[in-house]
Protein chains: 2
Amino acid sequence: MNPTIKDIAQRANVSYATVSRALNNKPFVKEATRRRVLSLAKELNYTPNALARGLVKKETRTLGLIIPDITNPFYPEVAQGIQEGAGDSGFSVFLCNTNWDHDQELHYLNLLEEKRVDGIILAPIENQVDVVEPHIRNRIPVVYLDKAPRKTRNSYVMIDNVRGGFLATRHLIEQGYDTIGFIGAAEDSLTIDDRLKGYRMAMEQNRLKVHDDFVRFGNYRQVTGYTIIQSMIGSGRYPRAVFAENDLIALGVMQGAREAGLKVPEDIAVIGFDDIPFASFPEVQLSTIRQPKHQMGRTAVEIILQQIKAGNGGPTAASVKRVLLEPELVVRRSSRSR
Amino acid sequence: MNPTIKDIAQRANVSYATVSRALNNKPFVKEATRRRVLSLAKELNYTPNALARGLVKKETRTLGLIIPDITNPFYPEVAQGIQEGAGDSGFSVFLCNTNWDHDQELHYLNLLEEKRVDGIILAPIENQVDVVEPHIRNRIPVVYLDKAPRKTRNSYVMIDNVRGGFLATRHLIEQGYDTIGFIGAAEDSLTIDDRLKGYRMAMEQNRLKVHDDFVRFGNYRQVTGYTIIQSMIGSGRYPRAVFAENDLIALGVMQGAREAGLKVPEDIAVIGFDDIPFASFPEVQLSTIRQPKHQMGRTAVEIILQQIKAGNGGPTAASVKRVLLEPELVVRRSSRSR
DNA sequence: GTGAAAGCGCTAACAG
DNA sequence: CTGTTAGCGCTTTCAC
């Protein structure tokens with residue numbers, strides 16, 4: 001059995017309240033007593049019980065992080081930023097992976113609540129309509145990451161997706177491409193809506209026509225880009241350039257195009273979104289819109305910690321923070337016309 | 001404040017023990033009472049307190065997972081397997097990322113102990129000498145993943161690294177290469193020791209000389225392969241083929257070689273280890289030794305759950321399981337001589 | 001400085 | 001079937 005403060009107290013001939021004080025560096029403990037307790041604790045191999053402590057203090061110094069897909073290279077970098085930021089403030093992080101499954105998302109939301117985490121950082125699966133918020137019972141502060149329900153009352157950090165979509169498309173236009181396609185994940189996605197909006201804005205500004213055939217949707221994985229571009233090419237009509245909603249899809253597009261005998265960027269240009277590590281690999285050289293992933297994570301932590309400190313669980317006018325990070329255009333070979 | 005079973009009990013006019021029974025689907029509760037309790041619970045938005053429950057039951061149905069680097073594409077896939085396996089048995093997973101920092105590793109080990117997780121799956125940083133085991137106080141079952149201290153008393157799951165190193169090297173030899181280099185991470189690594197052993201075995205069996213200059217070490221990241229190969233090339237003497245200890249390093253080698261004007265595989269062949277998703281990307285086509293990452297994760301969970309069920313915390317002859325998974329040679333363009 | 005005692009929210013005997 | 005009671009290990013008043 002694990003030793004408890006009572007075991008220490010007994011051996012130290014003090015009450016266990018004193019042991020608690022000594023262990024927690026509280027004032028009003030004689031230095032000698034403190035030392036005795038500390039050495040005894042070490043000797044007995046004492047490890048405090050976070051459950052018991054959490055129960056009485058009503059805080060666990062733990063954050064929950066829910067992400068949809070840990071194998072998408074975008075998230076690990078964000079998660080790293082979060083863990084670092086949390087660690088700096090003595091918080092640890094419960095990482096939950098939903099695998100794009102909405103039930104899983106709900107399940108984890110619930111679980112984190114049961115575990116009484118002090119705050120939740122949620123990178124939600126798509127949801128225009130907010131199915132999540134009713135489940136967050138306003139007891140635990142939540143900050144959305146990467147995307148957020150359209151009119152949420154909670155805090156969020158994400159990239160300016162309209163701007164990102166605009167930058168990507170304008171860049172392709174400036175390179176001289178005039179038929180530009182868009183390939184995204186789920187059609188009802190907030191993120192994609194915005195990126196698409198940016199795309200349309202840029203097209204419109206330059207009086208370019210958006211061909212509905214060239215605006216297509218699938219899921220978040222590489223295979224989406226691969227199949228869609230191949231079907232376009234197979235049909236004989238395909239755009240001269242493609243703006244893919246994320247780098248994984250963009251890589252799929254490159255792969256599909258190349259297998260169909262097209263050259264990138266000579267026959268078809270491609271730009272992605274995220275700037276995952278492999279986009280910069282010399283034989284990939286994928287142009288993209290960079291997201292400050294690490295910073296996104298750290299910002300999310302800052303916000304949530306602030307909200308935790310403010311107490312009062314649910315979002316209040318004072319504590320809610322909405323942060324839009326700036327996207328950055330990164331031009332590589334996949335979209336350079338010369 | 002969160003409602004508790006007492007709040008429910010009061011409203012339902014039963015004792016709170018009855019509420020507990022009803023909520024936990026224990027027998028001997030009148031169906032009507034149970035229904036009343038359940039509906040009240042929903043109405044009050046009751047969420048059980050896992051801390052309180054854990055405190056009395058002395059189990060948290062939570063696993064801890066410690067990995068060195070979440071941004072290395074190898075780990076997310078393993079982690080996914082673990083989460084799935086755990087989820088199937090109603091366990092959740094605390095994912096901790098040490099960032100190759102030994103102090104972090106110790107810190108998390110401690111933290112997980114404080115949180116009273118039921119078991120720990122540990123993909124340790126390198127350590128010949130076992131600095132970790134003294135910290136695992138034999139109260140919580142541990143299973144090592146990916147690598148394990150040489151003569152640990154605990155369970156582990158990993159790949160047969162000697163075999164993997166052998167397969168990789170033999171393949172290069174069969175392709176006709178005779179000067180073959182090895183680039184690995186930390187020199188005192190168990191994993192690398194074994195892969196290197198396999199490499200030496202294959203070389204020896206074929207009466208090939210191992211040039212010490214061609215056996216070099218760095219860290220686990222891409223940059224290692226990049227710098228080492230460039231320095232070799234710069235010095236004028238470099239091997240005709242390289243066996244890199246992991247895919248990331250191998251990618252660095254490809255990159256470095258290409259930037260130095262060499263063609264892969266025509267001028268220099270490369271094979272990696274792991275089979276991360278990007279190894280199969282058409283413009284990468286990296287040959288490699290595949291690790292069954294998902295299965296590795298699931299196996300680790302199976303073992304740990306078994307050990308948890310067996311109780312008795314520390315490793316016992318009966319519960320300890322050592323599993324060596326089979327590596328698989330995957331030949332792609334980067335190592336094909338014709 | 002230190003001890004005694006209450007209580008965090010829940011489970012698990014033990015009675016009835 | 002249900003209530004009573006005793007903790008789980010810890011923090012936190014309130015006395016002394």
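In what follows, chains carry the letters A, B, and so on, assigned in the order in which the sequence lines appear, proteins first and then strands, with residues in each chain numbered from 1.
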Trainee: Will you find, in the side chains of Y75(B) and D146(B), an N or O donor that is under 3.5 Å from an N or O acceptor?
Mentor: yes

Trainee: Rounded to the nearest Å, what distance is computed from the CZ atom of residue R53(A) to the C1' atom of nucleotide dG7(C)?
Mentor: 17 Å

Trainee: From C-beta outward on N24(A), which listed nucleotide comes closest to its side chain: dT11(D), dA13(C), dC10(D)?
Mentor: dT11(D)

Trainee: Do Q295(A) and L325(A) have side chains that get closer than 4.5 Å, going by heavy atoms?
Mentor: yes

Trainee: So L145(B) and P124(B), do their side chains get closer than 4.5 Å, heavy atoms only?
Mentor: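 No. Closest side-chain heavy atoms not under 4.5 Å.
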
Trainee: Out of dG9(D), dG3(C), dC10(C), which nucleotide sits closest to the side chain of L55(B)?
Mentor: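 Ranking dG9(D), dG3(C), dC10(C) by closest atom to the L55(B) side chain puts dG9(D) first.
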
Trainee: Can you tell me the distance, in whole Å, between the CG atom of N25(B) and the C1' atom of dT11(C)?
Mentor: 15 Å

Trainee: More 5' along DNA chain D: S20(A) or K6(A), using each one's nearest nucleotide?
Mentor: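 It is K6(A) whose nearest nucleotide is closer to the 5' end.
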
Trainee: Indicate whether the side chain of N2(A) and that of Y46(A) have a donor and an acceptor atom separated by less than 3.5 Å.
Mentor: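 No donor-acceptor contact under 3.5 Å links the two side chains.
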
Trainee: Thinking salt bridges, do E59(B) and R61(B) make one under a 4.0 Å N-O criterion?
Mentor: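 Salt bridge flag = yes for R61(B) with E59(B).
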
Trainee: Would you kindly give the OH-to-P distance between Y16(A) and dG9(D), to the nearest whole Å?
Mentor: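 Taking atom P of dG9(D) as the reference, OH of Y16(A) is at 12 Å.
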
Trainee: Looking only at side-chain N and O atoms, does R322(A) offer a donor or acceptor that is under 3.5 Å from a partner on N154(A)?
Mentor: no

Trainee: Whole angstroms only, please: what is the NZ-C1' distance between K115(B) and dC8(D)?
Mentor: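 Value for this atom pair: 18 Å.
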
Trainee: If you take any heavy atom closer than 4.0 Å to DNA chain C, which residues from residues 26-35 of chain B end up in contact?
Mentor: K26(B)

Trainee: Just by distance, with hydrogens left out, do T62(B) and K115(A) show a side-chain donor and acceptor under 3.5 Å apart?
Mentor: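 There is such a pair (donor and acceptor under 3.5 Å, judged by atom type) between the side chains of T62(B) and K115(A).
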
Trainee: Would you find a donor on one side and an acceptor on the other, under 3.5 Å apart, between the side chain of Q83(B) and the backbone of L95(A)?
Mentor: yes

Trainee: Without swapping roles, check the side chain of N99(A) against the backbone of D69(A) for a donor-acceptor pair under 3.5 Å.
Mentor: no

Trainee: Which listed nucleotide (dG3(C), dA12(C), dG9(C)) is nearest to the side chain of T18(A)?
Mentor: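 Nearest to the side-chain atoms of T18(A), counting from C-beta on, is dG3(C).
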
Trainee: Can you check whether S15(A) has a side-chain N or O nearer than 4.0 Å to OP1 or OP2 of dG3(C)?
Mentor: yes

Trainee: If you assign N13(A) and K57(B) each to the DNA chain C nucleotide with the nearest heavy atom, which residue ends up on the more 5' nucleotide?
Mentor: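 The 5'-side residue here is N13(A).
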
Trainee: Separation of R36(B) atom CZ from dC1(D) atom P, in whole Å?
Mentor: 14 Å

Trainee: Can you measure I5(B) atom CD1 to dG3(D) atom P for me and round it to whole angstrom units?
Mentor: 13 Å

Trainee: Given dG3(C), dG3(D), dG7(C), identify the nucleotide with an atom nearest to the side chain of V14(A).
Mentor: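 Of all the options, the side chain of V14(A) is nearest to dG3(C).
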
Trainee: Between the side chains of E31(B) and R35(B), is the shortest nitrogen-to-carboxylate-oxygen separation below 4.0 Å, so that they form an ion pair?
Mentor: yes

Trainee: So how far off straight is the helix from dG1(C)-dC16(D) to dG16(C)-dC1(D), going by the axes through five pairs at either end, to 10°?
Mentor: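 That helix has its two terminal axes inclined by roughly 40°.
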
Trainee: Quick one: N49(B) CG to dC8(D) C1', roughly how many Å, whole number?
Mentor: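 Nearest whole value for this atom pair: 13 Å.
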
Trainee: What is the distance, to the nearest angstrom, from the CG atom on L51(A) to the C1' atom on dG7(D)?
Mentor: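 Going from CG in L51(A) over to C1' in dG7(D) covers 15 Å.
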
Trainee: Between dG3(D) and R21(B), counting only base atoms on the nucleotide and side-chain atoms on the residue, is there a donor-acceptor pair under 3.5 Å?
Mentor: yes

